[in-house]
Amino acid sequence: MSDYETVIGIETHAQLCTASKMFCRCQVPASAVGGGDSQQPSPPNSLVCPVCLGMPGALPVANRQAVEQVLIAALALNCRIPERSWFDRKNYHYPDLPKGYQISQSQSPLGRNGWIDIQVDATIKRIAISDVHLEEDTGKLTHVGGSSLIDFNRSGVPLMEIVTAPDMSSVDEVREYALELRRLLRYLGLCSGNMEQGAMRFEANVSIRPQGSSTLGARVEIKNLNSFRALLRSVEYEIERQQRALQQGLPIDRETRGWDEEKGVTYVQRSKETAEDYRYFPEPDLPVLEIDTVWVERLRQQMAELPQQRRTRFASQYGLSPYEIALLTEDRDTAEYFEAAANAGRELDISPKVAANWITGDLFGLLNAAHRDIGDVRIPPRQLVELLALLAENAINIPTAKHVLRVMFETGQAPKEIVVAEGLGQIADRDRLASLADSVLDAHPDIVAQYKGGKQTVLRFLVGQVMKATQGRADPQLASQLLEEKLRSA
Amino acid sequence: MLTPEEVGHIAGLARLGLSPEEIQTFGKQLSAILDYAHTLARLDTEQVAPTATVLALENVLAPDRAEPSLSQEDALANSPQVQDGQFRVTAIME
Amino acid sequence: MQLYSLTVQQALDLLRRKEVSALELCESILDRIVAVDNSTKAFLTVTPEEACDQARAADAARAQGLDGALLGIPIALKDNICRLGLPTTCGSRILESFIPPYDATVVALLRRAGAVLLGKTNLDEFAMGSSTENSAFFSTRNPWNLDRVPGGSSGGSAAAVCADEALAALGSDTGGSVRQPAAFCGVVGLKPTYGRVSRYGVAAFASSLDQIGPITKDVTDAALLLNALSEHDPHDSTSIESPKLDLAQVLRPEVDGIRIGVPQEYFGAGAQPQVVAAVQEAIETLVDMGALVDTVSLPHTEYALPAYYLLAPAEASANLARYDGIRYGVRADNTADIWSTYCESRQQGLGSEVKRRIMLGTYALSAGYYDAYYLKAQRARTLIKQDFDHAFERFDVLLSPTAPTVAFGLGEKSQDPLQMYLSDVFTIPQSLAGICAISIPCGFDHALPIGLQISGPALGEATVLRVAYAYEQATSWHLQKPPLDKEN
């Protein structure tokens, strides 16, 4: 196995989060921007026009937002931005391609020669990005019986294509690259990253060569990967397949393969027998893009803080553990929620660590159970911190706090209002608790006897009884303390 | 002079189902036209940039605002074969 | 005088003075079409009911005190221009039954100006040709001699205007397709500066060359129509802002001090002697009126045709890739698989000239040939444009014949594609350079019209039209009508 080294490059197509399509102003279908789950998909061929249907006389008009989004991605990926960029026609025939050509970029893409750092275990590795460019998506083909059906709602949706150099050498690196790229694009608000809905698609190019060799082996392209799992499993399988072939002295053909999820194998795709001649030429219907430094700087200012930068900052600013940082910086909404809470915490004397704890613990729990995102949560960060302040002052106990959090989550009410309305204030009145403790002890002489007999754990039961008598509002520590005192002195 | 194979290859790229007679005729005609076009080879264009455009336009970009689309009915009206609101073609072998 | 013989300006005058109604005008033209179109075969589709409805609406608007640049004026459209709800065939079998769900921008502009839309005129298939013989349906005849071609590819529009079957018509010009048929039919044809008139809704042939242009009975009408069509269109990314013509300034028969250049390369072996003679006489006329004339060289002229016949087909090969019968158009039946569907549909639906150009274009772009053909042609184009830029430093306009010959016979050149291509030799360079040019009648050879081409720099239509107007007013070629019927 270690006789060979693996060389992997990844091509990613990401649907951009714009309101309208790349070359016409048809609305982008909801699934493209990650809104599919909660919305009915549009009827087929209802979000189309002469332009995205390729009718005679139709002409493209480029979407400014899409261009700027790709420029931002190119900047975030440390690419060189050219002074002049333009679109090219990529000519081929396929039923989901209405014009018989795709408007793409070939000669002068919006970004070139960038990089992104990934972390595998403790090692940081730099993956070179050779190309970031803008193009339009095709329609969607489905096969039913002896027919193929085409829905052009997706035709013309803006697509960003990101191509790496063949810099990855293991499935782990592929995984970390894909995750970090997805994280980055979501952070920047450019792409929903939803692979199941096809908003983000990966293709892998895999080849192997003898260890130490400088010539590349035959490259196999793996396409039609519909999930993250498929990406990883297919790369893993392909590496093994190629190694086995070489070990047996069999040649590896340069070809395109699909992935069969059920059988867990890659298979040769018939339709790609000969290399296509795309006959690229500059798109005459679209004037060139002159990209000056003023424009680039404005976009750079607009760009949100990137995941890597935020992770570094969180470590130094908030003193959180790597695990907590990873959870809190996974997406931008969570990171921003946490920071707002941390800011409020400074005023109310609640440490970021406590806020982090409750967010990643109880709040995440509530969100997951309700299938909601933190972006939709009804609890403003400041109110979460107010809840934590009540807890810190001992006005309520932990079980009460969890209950109040649940109510806040469902109703959006402020914590103090809930506590007052439900009469949840913690009972920490010594005399009152002392008299309750007496009642409990009187009611359970057998338990008292067990305690006296050496079984100290039954104290918990007695504390529970005090809690029960106070609908959970007693200060459990104080109750425990008082019970203990009485048991010892009795 | 273009060979029948070359003509056939170009016809394939262009998805034109030419008959053998057409391949012959087009081969001759295209060769004649290409020979004529080859007079361009005489021109010294070493220092000449290709025309990107005759226009002085640049950065023609539209604001990202969705506008109404065609109705599904209008979109499908001209298609020879439609099924379940989609365009239908003979199955494509993958 | 019959109403159908009027020019647009004359008709507007009468309409505004309420001496005639739009409905009367429309009916006169529709009768004229019935009387002569069997001979000229200019129209593919006529829409008499809609036209009359639009004419009545125009009359109603006028009665309310409203006016419009073309209110009540009957106009025909070349059939590669999409008109909502009406078949737009592009002269091709593959689009025989295609009904666009939208109007081209130029059609919307005509409607806005109050024009009455008569129907669609014949053309060479997908605008590829110089005689209208490449139409999949039938050939149009030259009203001056029914055995002759009207020119192409906008032959139907030129014949219609010439035969008084429309007061004006729109054509499209990629390498001369408005100017050359205008010359062959003795009418006026203008190719605007590239970008001046929107291409949205006009089936593309060569994207960087196509322009919609008016075909009219005289220069005044051409100016009126240009003003109605010159608008920036947000649906066309190659559309430019351009000033409306100040007609009072443009339509003045004065050419004192105008510097006219005569490109020597246009008077060589290719042009027929009678054509050259007529153009030279026209130049004399302008000199007599005070213009300053001198020869000029456009040294790269000989490379324009070869460059064009690589660039235009290259763009066309991509623009026509969409005609596959899947979303619209004719689809071959009983095909075994999708690729047969493509090949058979296109084989059956597309004509020879179209196939030839698609092949040529595909070849010019293909791997290994792109640099030697496509890119080389684009470099040649730069030099050709520079020739004009230099010439326009010294001259206001350039004069030449529009075509090397007068209208040739039906079938005469259709056997040899290269021979046909050579008819565009004087009109192609202006298309490559993106500048403006007009063809106006300047004489006859054996009762067949001869066209004079006046070219100007980009956005120089005002000067071009002024020179054209001045020459026209000093002559009476534009008043002559074809001998289609004795009563005229």
Side-chain angles (χ1 to χ4, degrees), chain B residues 2 6-7 9-19 22-23 25-27 29-30 32-57 60-63 70-71 73-82 87-93, chain C residues 97-99 101-102 194-195 208 234 237-238 240 300 302-303 305-307 309-310 317 321 324-331 335-344 346-347 350 352 355-356 358-360 362-363 366 372-373 375-383 385 417-418 421 433-434 458:
Chain B
L2 292 177
E6 284 175 300
V7 178
H9 173 68
I10 300 292
L13 283 178
R15 301 283 175 224
L16 290 173
L18 300 183
S19 67
E22 279 174 310
I23 294 202
T25 315
F26 281 174
Q29 291 170 339
L30 290 175
I33 298 166
L34 288 167
D35 280 345
Y36 175 63
H38 206 60
T39 55
L40 289 180
R42 281 193 262 129
L43 206 47
D44 178 6
T45 54
E46 204 52 34
Q47 302 300 318
V48 185
T51 297
T53 174
V54 293
L55 297 167
L57 293 176
V60 177
L61 298 167
L70 287 175
S71 68
E73 192 189 332
D74 278 347
L76 299 170
N78 281 293
S79 178
Q81 288 179 44
V82 166
F87 297 90
R88 191 203 154 274
V89 294
T90 320
I92 298 147
M93 298 303 157
Chain C
S97 51
F98 172 65
I99 299 184
Y102 62 105
Y194 181 79
S208 72
S237 302
T238 59
I240 58 177
H300 298 96
E302 70 181 292
Y303 300 107
L305 215 108
Y309 277 102
L310 288 174
S317 69
D324 54 22
I326 292 178
R327 290 142 290 120
Y328 51 84
V330 160
R331 195 193 297 187
T335 45
D337 58 37
I338 185 68
W339 305 117
S340 307
T341 308
Y342 270 103
C343 292
E344 278 308 299
R346 287 158 71 77
Q347 168 68 345
L350 299 175
S352 302
K355 286 194 279 203
R356 200 163 17 246
I358 290 175
M359 298 279 288
L360 201 45
T362 306
Y363 190 79
S366 65
Y373 287 119
L375 218 46
K376 186 78 180 179
Q378 287 285 37
R379 293 186 206 273
R381 184 177 185 176
T382 303
L383 293 172
K385 180 172 193 304
L418 204 43
Y421 295 167

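The structure presented is a predicted model; accordingly, all values stated were derived computationally and were not measured. Every chain is numbered from 1, with letters handed out A, B, ... down the list of sequences.
- If you measure heavy-atom distances from Ala377(C) to chain B, the contacts under 4.5 Å come from both the backbone and the side chain.
- When the candidates Thr25(B), Val60(B), Ile10(B) are compared by the number of heavy-atom contacts under 4.5 Å with chain C, Ile10(B) comes out ahead.
- Between chain B and the residues Lys385(C), Arg381(C), Glu344(C), Arg327(C), the most heavy-atom pairs under 4.5 angstrom are made by Arg327(C).
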Chi angles and distances behind the side-chain contact (heavy atoms from CB on, under 4.5 Å) call for Tyr363(C), Leu2(B): CA-CA 11 Å; Tyr363(C) 190 79; Leu2(B) 292 177; 3.5 Å; yes

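- Across all their heavy atoms, Arg379(C) and Val48(B) have their closest contact at NH1-O, 2.8 Å.
- Taken to the nearest 0.5 Å, the OH atom of Tyr309(C) stands 14.0 Å off from the CG atom of Leu40(B).
- Of the atoms belonging to Tyr102(C), not a single heavy atom falls under 4.5 Å from chain B.
- Separation of atoms CG (Leu418(C)) and CD (Gln29(B)) is listed at 10.0 Å; rounding is to 0.5 Å.
- Chain B forms more heavy-atom pairs under 4.5 Å with one residue of Pro417(C), Ala458(C), Ser208(C) than with any other, namely Pro417(C).
- With a 4.5 angstrom heavy-atom cutoff, Ala372(C) does not touch chain B via any of its atoms.
- Closest approach of Ala336(C) and Thr90(B) over heavy atoms only: O-CG2, 3.7 Å.
- When every heavy atom of Thr45(B) is checked against every heavy atom of Lys376(C), the shortest pair comes out as OG1-NZ, 2.9 Å.
- A distance of 12.5 Å separates CG in Leu76(B) from CD in Gln81(B), rounded to the nearest 0.5 Å.
- The two atoms that bring Arg331(C) and Ser79(B) nearest to each other are NH2-OG, 3.9 Å, heavy atoms only.
- Interface remark: of the candidates Val89(B), Leu43(B), Leu13(B), Asp74(B), Leu43(B) forms the most heavy-atom pairs closer than 4.5 Å to chain C.
- With a threshold of 4.5 angstrom between heavy atoms, Ala56(B) does not approach chain C through any atom at all.
- Comparing Tyr421(C), Tyr373(C), Tyr303(C), Tyr194(C) by heavy-atom pairs within less than 4.5 Å of chain B, the highest count is held by Tyr303(C).
- No hydrogens or angles considered: nothing links the side chains of Thr335(C) and Ser340(C) as a donor-acceptor pair under 3.5 Å.
- Residue Leu310(C) touches chain B through its side chain alone, counting heavy-atom pairs closer than 4.5 Å.
- Heavy atoms of Tyr36(B) lying under 4.5 Å from chain C belong to its backbone as well as its side chain.
- With a 4.5 Å cut-off on non-hydrogen atoms, Ile99(C) touches chain B through its backbone and its side chain both.
- In this structure, the portions of Ser237(C) lying under 4.5 Å from any heavy atom of chain B include both its backbone and its side chain.
- Using a distance-only test at 3.5 Å, with no hydrogens or angles considered, no donor-acceptor pair links the side chain of Arg15(B) to the main chain of Ala321(C).
- For Leu70(B), the part sitting under 4.5 Å from any heavy atom of chain C is the side chain, from C-beta outward, and nothing else.
- For a residue to count as touching a neighbouring chain, one of its non-hydrogen atoms must lie under 4.5 Å from one of that chain's; by this rule Ser97(C) touches chain B with the backbone only.
- Heavy-atom pairs under 4.5 Å with chain C were tallied for Ala37(B), Ala77(B), Pro80(B); the largest tally goes to Pro80(B).
- Residue contact with chain B, scored on non-hydrogen atoms closer than 4.5 Å, involves the backbone and the side chain of Lys355(C) alike.
- Both the backbone and the side chain of Ala380(C) have a heavy atom closer than 4.5 Å to some heavy atom of chain B.
- Atom-to-atom distance recorded for Phe87(B):CZ and Tyr328(C):OH is 10.0 Å, nearest 0.5 angstrom.
- When His9(B), Glu6(B), Glu22(B) are compared by the number of non-hydrogen pairs under 4.5 Å with chain C, Glu22(B) comes out ahead.
- Neither the backbone nor the side chain of Val82(B) comes within less than 4.5 Å of any heavy atom of chain C.
- Per-residue counts of heavy-atom pairs under 4.5 Å with chain B were compared for Asp324(C), Leu305(C), Val330(C), Asp337(C); the largest is that of Leu305(C).
- Although no hydrogens or angles enter the test, the distance criterion places no donor-acceptor pair under 3.5 Å between the side chain of Gln378(C) and the main chain of Pro50(B).
- Side chain of Thr362(C) to backbone of Ala14(B): no donor-acceptor contact under 3.5 angstrom is found.
- Atoms OG1 and CD1, on Thr341(C) and Ile338(C) in that order, are 4.5 Å from each other to the nearest 0.5 Å.
- Of the two parts of Ala62(B), neither the backbone nor the side chain holds a non-hydrogen atom closer than 4.5 Å to a non-hydrogen atom of chain C.
- Using a 4.5 Å cut-off between heavy atoms, Leu18(B) contacts chain C through both its backbone and its side chain.
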